[in-house]
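What follows is one structure encoded as structure tokens, with my remarks underneath.
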Amino acid sequence: MQNIPEVKLGLIAVSRDCFPIALSTQRRKNIAAACEDLDLYECPATVENEADAMKALEDVKSHGCNALAVFLGNFGPETPETLIAKGFDGPVMYVAAAEGDGDLVNGRGDAYCGMLNCSYNLGLRHLRAYIPSYPVGTAEDCARMIREFIPIARAVIGVKNLKIITFGPRPQDFFACNAPIRGLYELGVEIEENSELDLLVSYKAHAGDARIPAVCADMAAEMGEGRYYPDLLERMAQFELTLMDWAEAHRGARKYVAFADKCWPAFPKEFGFEPCYVNSRLASRGIPVACEVDVYGALSEYIGVCVSQDAVTLLDINNSVPAALYEKEIKGEFDYALTDTFMGFHCGNTPSCKMCEQRAVKYQLIQNRLLESGGEPDFTRGTLEGDIAPGEITFYRLQCDSEGVLRSYIAQGEVLPVPTGSFGGIGIFAIPEMGRFYRHVLLEKRYPHHGAVAFGHYGKTLFEVFKLLGVKDIAYNRPKALPYPTENPWG
């Protein structure tokens, strides 16, 4: 996971000058002690005025901090404490001290009140900061909130330092993958757009690369004998090295990269294979490669990598589960209605570590029909196929719509331990109230068919990431008791 940031968190305490400064200082030390297992730098200066704020900023920057926790140990000075956020180039959170570690005369801090002024002043300055759902607590409570902030900070830092590299244009009739770049720039993401021909030229230049045998051996070891095409390994290894070298040569001023690549219809015939398995290998290392030049799919995947520190995938919200399969394998075994289920599918880009043991490198059935007339597969080989492993998932997406507005959705659920009986990288997904979510979010708000998948429940963190990135519309799968605005109340 060298493609995501490491969060170095700074802790700064603030104090209003008419309250005891020792109250903030000691409470800050208590938080630092509760965070001793974290990479946290405790700024020794307690901020009372604007000059203090500037000194504290210089101090945390000199110690390599890329995220901050500003702690109101008492009421706090609203101007200096918000100037910290203004002067810091990175995500900032605010937490406040609860009472209980002193008397309520000389030992009362009133930080509960001070957080109101802090929030108000942040708004006046048009500053975005992370404030937890209940930001007032003991040292242990604040330490817990800081831990929850770290993956949020990691995602925000990652996005601000990300370049998405594309090889396109998108396939014909895939307007769903159209990507207005205005939203990327608003988020601070850079984009480099190349042609598929640029990629082919670079690929050919890697023929005979001395590193190819080692990559072939690694692929064979990953899949296991009988689960790959031996004659295809050299081509796929050459392509993997092409992408990795392009990332290094083209990241420019950015620290992190993601790809959004065209993969059909010309790709397999000209390159001699399908790119899916190679894409899955990069995704397993925290470098998403979104199919079909899906730029916002790549962005969504990258955010999931930062949040989960794990591999992610990109899938079509693909097909309904047949009623007969539901009746036989799901009904009575799992607490889901038929409309709560669907199949998530892509040709073969899901990392092998997220698939069932029977996964194997196979061929793209749909393109074999189209490009090889359904005959013995040759250049349509190279997909990673099998059922996706059961477990908790979060289905989500950040998208820029046709009006240039950023919007997102998040839905938690699971992959069921039920064989799909189908082809590709595929799984049976179950999300509570998926049918209503499908109609009143995915269709109503015109989302494309691709969704990013994180393997675990990360909805709480993703929600805060999207808020901190300035996304106003964050949809989710509402329970029955909470109708959607477009939902007919009479059913």
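Residue numbers start at 1 and run along the sequence shown.
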Whether Asn3 side chain and Gly286 backbone form a donor-acceptor pair below 3.5 Å:
yes
Under a 4.0 Å threshold between the charged nitrogen and the carboxylate oxygen, would [Y] count as salt-bridged to [X]?
{"X": "Arg170", "Y": "Asp294", "result": "no"}
{"X": "Lys354", "Y": "Asp310", "result": "yes"}
{"X": "Glu274", "Y": "Arg381", "result": "no"}
{"X": "Arg144", "Y": "Glu140", "result": "no"}
{"X": "Asp378", "Y": "Lys269", "result": "no"}
{"X": "Arg281", "Y": "Asp218", "result": "yes"}
{"X": "Glu148", "Y": "Lys460", "result": "yes"}
{"X": "Arg436", "Y": "Asp340", "result": "no"}
{"X": "Glu240", "Y": "Arg285", "result": "yes"}

So, [X] versus [Y], ring centres under 6.0 angstrom or not?
{"X": "Phe345", "Y": "Phe423", "value": "yes"}
{"X": "Phe267", "Y": "Phe239", "value": "yes"}
{"X": "Tyr396", "Y": "Tyr409", "value": "no"}
{"X": "Tyr130", "Y": "Phe149", "value": "yes"}

What I want to check is whether the side chains of [X] and [Y] have a donor and an acceptor closer together than 3.5 Å.
{"X": "Thr380", "Y": "Glu372", "value": "yes"}
{"X": "His457", "Y": "Glu414", "value": "no"}
{"X": "Glu192", "Y": "Asn194", "value": "yes"}
{"X": "Glu392", "Y": "Tyr458", "value": "no"}
{"X": "Trp264", "Y": "Gln364", "value": "no"}

### Task
Look at the aromatic rings of Phe167 and Trp246 and report parallel, tilted or perpendicular, splitting at 30° and 60°.
perpendicular
field: Aromatic ring pairing Phe429/Phe395, orientation class (parallel under 30°, perpendicular over 60°, tilted between)
entry: perpendicular
